[in-house]
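Working notes, beginning with the structure itself.
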Amino acid sequence: MPDAPYRSAPVERIGVALCTYNGARYLQAQLDSILDQDLPVHEIVIGDDGSSDQTLPLLRAFVPRAEALGIRVELVQHTRNLGYVRNFTDALQRCGADILFLCDQDDVWHPGRVRTFVQRFQADAGLLLLHSDARLVDAQGAPLGQRLLDVLKVHPAEVELERSGQAVEVILQRNFVTGATCALRRTLLAGSLPVPAGWSHDEWLAIHASLQGGLDMLAEPTIDYRQHGNNQIGASRRSFVQRLRRLDLFDAQARQRTGGRLLGLDALLRQRGVTLAPARLKGLHALAWRMAWSRVQLYRRADVSVRWIAHDTPRLLARLANVCLAGAGWKGVRAALAGATAGWRAPRAA
């Protein structure tokens with residue numbers, strides 16, 4: 001029976017970390033979808049980041065509704081805007097439950113979402129972070145006929161790397177672990193926070209979970225992911241020119257942020273004993289080598305098509321250019337070329 005893993009496992013407390021900022025237009029639908037779950041949550045911690053619209057009145061009306069159902073609610077009103085990463089970090093740290101769901105203000109949870117996630121956690125004691133696909137909807141909630149991972153053109157081989165504890169090979173290129181689709185064990189927070197500058201909370205937590213072999217994904221959508229003009233991070237197809245515009249070519253501050261972000265990742269991997277490149281290469285040069293090596297290895301897989309490679313190559317070049325502009329310089333170019341050559345000469349991936 002499908003519910004057997006849940007009924008036979010110890011009951012774990014379920015929490016929600018919900019962050020809001022001027023989200024009154026879509027917030028009510030999200031709040032209702034949380035309360036409509038067939039497996040109820042035990043606590044909801046809400047961090048409002050200084051909203052000036054009707055978000056707070058909606059939240060204040062929601063609190064007694066949830067508490068009447070036996071749900072503990074903590075509403076935190078930040079006097080100054082923290083930004084979404086620090087807001088989520090604060091909300092997660094205030095949660096006391098065992099399994100924590102990240103929740104955006106403008107999406108809608110599918111019925112049964114909480115039960116599906118909790119069953120997976122209770123069936124796998126080593127699972128630390130679980131995310132899923134999402135159904136894209138427009139501002140009015142009408143389905144767009146697309147899924148998040150399809151729009152992002154995530155290849156099954158990338159998912160396979162993630163599930164095998166090698167998510168860093170993917171995240172060196174891009175992140176497809178979307179916070180709104182995630183739930184995690186509270187135990188993951190202890191060694192993962194604070195989130196370093198330049199990183200989003202979801203991708204940083206995903207890296208830590210992967211390094212411990214505890215990252216996995218549900219193939220089916222579990223939320224409606226709303227697309228509108230005010231998304232902090234949305235899903236869209238970008239042309240080659242649009243992706244080039246995201247390079248840090250002429251923005252010194254952006255280059256500095258990218259450099260700090262990459263060095264933070266390098267420090268974590270060295271701390272965990274992860275070898276990225278030959279010993280002669282350090283820091284950004286090692287990252288450039290590994291980016292090129294891992295992507296060429298992926299391109300050589302029999303199940304990776306030429307069409308997908310053509311779509312992905314501009315992303316690889318953009319990432320490598322950002323590394324070089326962030327401080328790796330021409331040595332970074334040479335390191336990337338060496339990594340690509342090594343990736344081509346290495347045994348072909350399965």
Side-chain angles (χ1 to χ4, degrees), residues 2-3 5-6 14-19 23 26-41 44 84 88 99-124 127-163 167 170-171 174-184 200-203 205-206 209-210 214-228 230-238 308:
D3 290 347
Y6 172 73
I14 308 160
V16 179
L18 167 63
C19 290
Y26 308 113
L27 178 59
Q28 190 63 57
Q30 176 65 287
L31 296 174
D32 291 342
S33 73
I34 296 172
L35 296 188
D36 288 343
Q37 295 294 306
D38 62 355
L39 181 64
V41 303
I44 304 173
Y84 72 95
F88 265 110
I99 297 173
L100 309 179
F101 285 79
L102 297 173
C103 185
D104 287 354
Q105 65 186 1
D106 49 7
D107 303 319
V108 175
W109 288 8
H110 291 182
R113 175 172 192 255
V114 170
R115 180 178 294 277
T116 299
F117 271 72
V118 170
Q119 286 178 345
R120 285 291 294 271
F121 276 105
Q122 294 186 333
D124 183 357
L127 181 60
L128 294 172
L129 189 148
L130 181 65
H131 68 111
S132 76
D133 206 344
R135 181 174 68 172
L136 301 187
V137 299
D138 65 15
Q140 288 70 46
L144 294 173
Q146 297 174 309
R147 292 186 178 185
L148 177 60
L149 297 187
D150 289 337
V151 170
L152 296 178
K153 287 190 175 295
V154 176
H155 196 282
E158 295 180 285
V159 177
E160 182 181 320
L161 285 171
E162 175 191 277
R163 286 176 163 167
V170 180
I171 291 175
R174 51 126 165 217
N175 174 50
F176 62 85
V177 178
T178 301
T181 72
C182 289
L184 56 110
S200 64
H201 56 288
D202 46 16
E203 59 185 339
L205 290 168
S210 176
L215 179 62
D216 205 351
M217 190 193 81
L218 294 168
E220 293 301 312
T222 63
I223 69 167
D224 282 352
Y225 192 50
R226 198 186 302 269
Q227 300 298 289
H228 55 84
N230 297 322
N231 291 76
Q232 285 276 14
I233 300 176
S236 62
R237 296 185 188 273
R238 296 190 179 97
W308 190 86

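Proximity of E220 to D133: side-chain heavy atoms (C-beta onward) are nowhere separated by under 4.5 Å. A heavy-atom distance below 4.5 Å is found between the side chains of L144 and Q227.
Between the CD1 atom of I14 and the CG atom of L100 there is a distance of 10.5 Å, given to the nearest 0.5 Å. Within the model, atoms CG of L127 and CG of L215 stand 8.0 Å from one another, a figure rounded to the nearest 0.5 Å. For the atom pair L205 CG and L184 CG, the distance stands at 6.0 Å (nearest 0.5 Å).
Under the side-chain hydrogen bond (donor to acceptor under 3.5 Å, both in side chains) criterion, T222 pairs with R113, S132, not counting sequence neighbours. Partners of F101 by ring pair (Phe, Tyr, Trp, His ring centres under 6.0 Å), not counting sequence neighbours, listed by chain and number: W109, F117. Partners of H155 by ring pair (Phe, Tyr, Trp, His ring centres under 6.0 Å), not counting sequence neighbours, listed by chain and number: W308. Remark: D216 pairs with R120, R163 by the salt bridge (Lys or Arg N to Asp or Glu O under 4.0 Å) rule, at least two apart or across chains. Under the rule for a salt bridge (Lys or Arg N to Asp or Glu O under 4.0 Å), the partners of E158 that lie at least two apart in sequence or sit in another chain are R174, R295. When the salt bridge (Lys or Arg N to Asp or Glu O under 4.0 Å) test is applied to D36, no partner is found at least two apart in sequence or on another chain. H201 is linked by a side-chain hydrogen bond (donor to acceptor under 3.5 Å, both in side chains) to nothing, counting only residues two or more places apart in sequence or in another chain. With sequence neighbours excluded, the residues forming a side-chain hydrogen bond (donor to acceptor under 3.5 Å, both in side chains) with E203 are S200, R261, listed by chain and number. Scanning for side-chain hydrogen bond (donor to acceptor under 3.5 Å, both in side chains) contacts around D32 gives Q28, R65, with sequence neighbours left out.
Across Y225 and A134, no two heavy atoms sit closer than the pair CB-CB, 3.8 Å. When all heavy atoms of H131 and C182 are compared, the closest pair comes out as CB-SG, 3.6 Å. Nearest heavy-atom pair, V137 versus P143, reported as atom, atom and distance to 0.1 Å: CG1-CA, 3.9 Å. The shortest heavy-atom contact between G112 and Q37 is N-OE1, 3.5 Å.
Applying the side-chain hydrogen bond (donor to acceptor under 3.5 Å, both in side chains) test to residues at least two apart or on different chains, the pairs with a partner in residues 134-143 are R135-D224.
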Please report the C-alpha distance between V170 and V159 in whole Å, then the side-chain angles of each, then the deciding distance to 0.1 Å, and finally whether the side-chain contact (heavy atoms from CB on, under 4.5 Å) criterion is met.
CA-CA 9 Å; V170 180; V159 177; over 6 Å; no
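At least one donor-acceptor pair closer than 3.5 Å links the side chain of N175 to the backbone N or O of V177. In this structure a side-chain-to-backbone donor-acceptor pair under 3.5 Å is missing from D202 to A180. Q30 contributes a side-chain N or O that, together with a main-chain N or O of D107, makes up a donor-acceptor pair within less than 3.5 Å.
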